[in-house]
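Keep in mind the model is a prediction, meaning the values are calculated, not measured. Chain letters run A, B, ... following the sequence lines, proteins first, then strands; residues in each count from 1.
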Amino acid sequence: MTMFALVDCNNFYCSCERLFRPDLKRVPVVVLSNNDGCIVARSQEAKDLGIKMGTPLFKARNEIKRYGIRVFSSNYTLYGDISSRVMQTLEQFSPRMEIYSIDEAFLDLSGTGSWPDYGQQIRSTVKRHVGVPVSVGIAPTKTLAKLANYAAKKFRATRGVVDLSDPRRQQRLLALTPVSEIWGIGRNLTRTLERRGMRTALDLAQINPRQAKRLSSVVLERTVRELNGESCIELDEVAAPKQQIVCSRSFGEKLTDYSKVREAICEFTARAAEKLRREKLAARMVNVFIRTSPFDNAGPKYSNSATGTLPQSSSDTLEILALATRLFDMIWKEGCRYAKTGIMLGDFCSPDRIQLDLFDMGPGRKRSDNLMRVIDTINQGGQGKVWFGGQRPQKNWFMRQENLSPAYTTKWNCIPVVK
DNA sequence: TCTGGGGTCCTAGGACCC
DNA sequence: TCTGGGGTCCTAGGACCC
């Protein structure tokens, strides 16, 4: 019998921040999005205080002060490293595993017995080896495993593990769960379904799959089938090759200056090209966008983007930069207070299959590859020592990160010392 | 004053082909 | 004069996820 487990770290970013700060145990903690904009992770204590996911920091200032909530800027270097440790630990529990996001993974538990015990074993092992708490949901479809995990987190009596292999238990939980909590049902679908009188997951599970398709799309049809125990979404063991790479960011302050916004675009282009080379890909499509903030009433609203095609697929920062800056000039408008800019790369192929330009048969290409390799090696040292014309080394306006924790596990000088 | 970033998938509609 | 049907590819936009 096919059985999936969804293992999901509890309040992952907060748990990471606490790993090296035992003094923060039982203290409410929140972690902010890039640029210290919104609250994107909350410890249980912070949730209990009514802090909502996605709240802009400035709207929670009062509560933070009143309850002494500890605030952290996001530290993706730390979270990424802890994540890979969790995943390594999970690998030993199943021959087939899909890393679904930074803090969760599906395991194939078919053929294993006594699922609740096995779930508890997973929990205690991750806690012992890495130190972060996880919850485990077990069920015959991925959608039900997600639901089981939701219950494992929500109901304390489950001790962090819910086994939904029994259809009667599935029904009971479905009846208790609001339709909005189902994997794949977002804000819009919730509205559509509620308008038709479906409020619980059970209400949705009971409609005809074909009707679900008519109501929305095959995605909803699959969800209905999965809720009824029919597995439609397979385990993806190998990550699909990327189809696009995006680098974008809001600024720490509004920018009106052409040269500063252009610097930002150059910076993002260099980063995106690095990612591209790390994935061993080459891109042909480049898209650049700029926009003002929808919340900013102090100036005109403006949002625009431009797309261009490279003469041939490339992962060379200089070639991409040349196109990106040209696209940027096409959409630049004077007199706006810009809040955000970014670049998208797409239309990928692997570099060994690049269609060569008639006039670029080899040596030039090779030189560019070598140059990029050298630059990547130098920059991986950590501080970004080589940059291109247009990028700028010190950018104090760039991103707000006022409460950043140390890179405890990835930088020698940040490793905690036991006295 | 202060509102994230990086992705995927699906559908509809237009252009084009035979 | 009569003016089909099926297929592919591309793009934009919407919805969702973490």
Categorize [X] for me: base, sugar-phosphate, or nothing, with a 4.0 angstrom heavy-atom threshold over every strand shown.
X: A/K254; value: sugar-phosphate
X: A/D103; value: sugar-phosphate
X: A/Q243; value: sugar-phosphate
X: A/I102; value: nothing
X: A/I182; value: sugar-phosphate
X: A/R222; value: sugar-phosphate
X: A/I245; value: sugar-phosphate
X: A/R61; value: nothing

Distance test, side-chain N/O of [X] to OP1/OP2 of [N], below 4.0 Å:
X: A/N188; N: C/dC16; value: yes
X: A/K340; N: B/dG6; value: no
X: A/S293; N: B/dT3; value: no

Practice prompt. State whether the aromatic ring of A/F295 stacks on the base of B/dT3, taking stacking to mean ring centres under 5.5 Å apart and ring planes under 30° to each other.
Written response: yes

Fill in: Base-pairing string, 5' to 3', of DNA chain C - Watson-Crick or wobble, under 3.5 Å, | interstrand
....||||||||||||||

Item to complete: Could you verify whether a donor N or O on one side chain and an acceptor N or O on the other, from A/Y302 and A/N304, lie under 3.5 Å apart?
Response: yes

Item to complete: Starting at atom CD1 of A/I343, determine the distance to atom C1' of B/dG5, rounded to an integer number of angstrom.
Response: 15 Å

Would you indicate which nucleotide in [options] comes nearest to any side-chain atom of [X]?
X: A/Y100; options: B/dG7, C/dC17, C/dC16; answer: C/dC17
X: A/R249; options: B/dT3, C/dC18, B/dG5; answer: B/dG5
X: A/S217; options: B/dG4, C/dC18, B/dC10; answer: B/dC10
X: A/V218; options: C/dC16, C/dC17, B/dT11; answer: B/dT11
X: A/K242; options: C/dC17, B/dG7, B/dG6; answer: B/dG7
X: A/S248; options: B/dG7, B/dG5, C/dC17; answer: B/dG5

Worksheet item: Do A/W332 and A/F289 make the cut of ring centroids closer than 6.0 angstrom?
Response: no

Worksheet item: So, A/Y13 versus A/Y76, ring centres under 6.0 angstrom or not?
Response: yes

Worksheet item: Mind checking whether A/E104 and A/K146 have side chains closer than 4.5 Å, heavy atoms only?
Response: yes

Worksheet entry | Least distance between heavy atoms, A/A272 atom then A/I343 atom | CB-CG2, 4.1 Å

Discussion item. Any carboxylate oxygen within less than 4.0 angstrom of a Lys/Arg side-chain nitrogen, looking at A/D108 and A/R96?
Written reply: yes

Worksheet, complete the sentence: Residue pair A/N34/A/D296 against DNA chain B: nearer the 5' end by closest nucleotide is A/D296

Discussion item. Judged by each residue's nearest nucleotide on DNA chain B, which is more toward the 5′ side, A/R337 or A/V219?
Written reply: A/R337

Worksheet item: Is the cationic atom of A/K142 (NZ for Lys, CZ for Arg) positioned less than 6.0 Å from the six-membered ring centroid of A/F106 and within 45 degrees of its normal?
Response: yes

Worksheet entry | Test applied, side-chain hydrogen bond (donor to acceptor under 3.5 Å, both in side chains); reference residue, A/S135; option that passes from A/T158, A/N149, A/N10 | A/N10

Item to complete: Between C/dC18 and B/dT3, how far apart are the P atoms? Round to whole Å, please.
Response: 25 Å

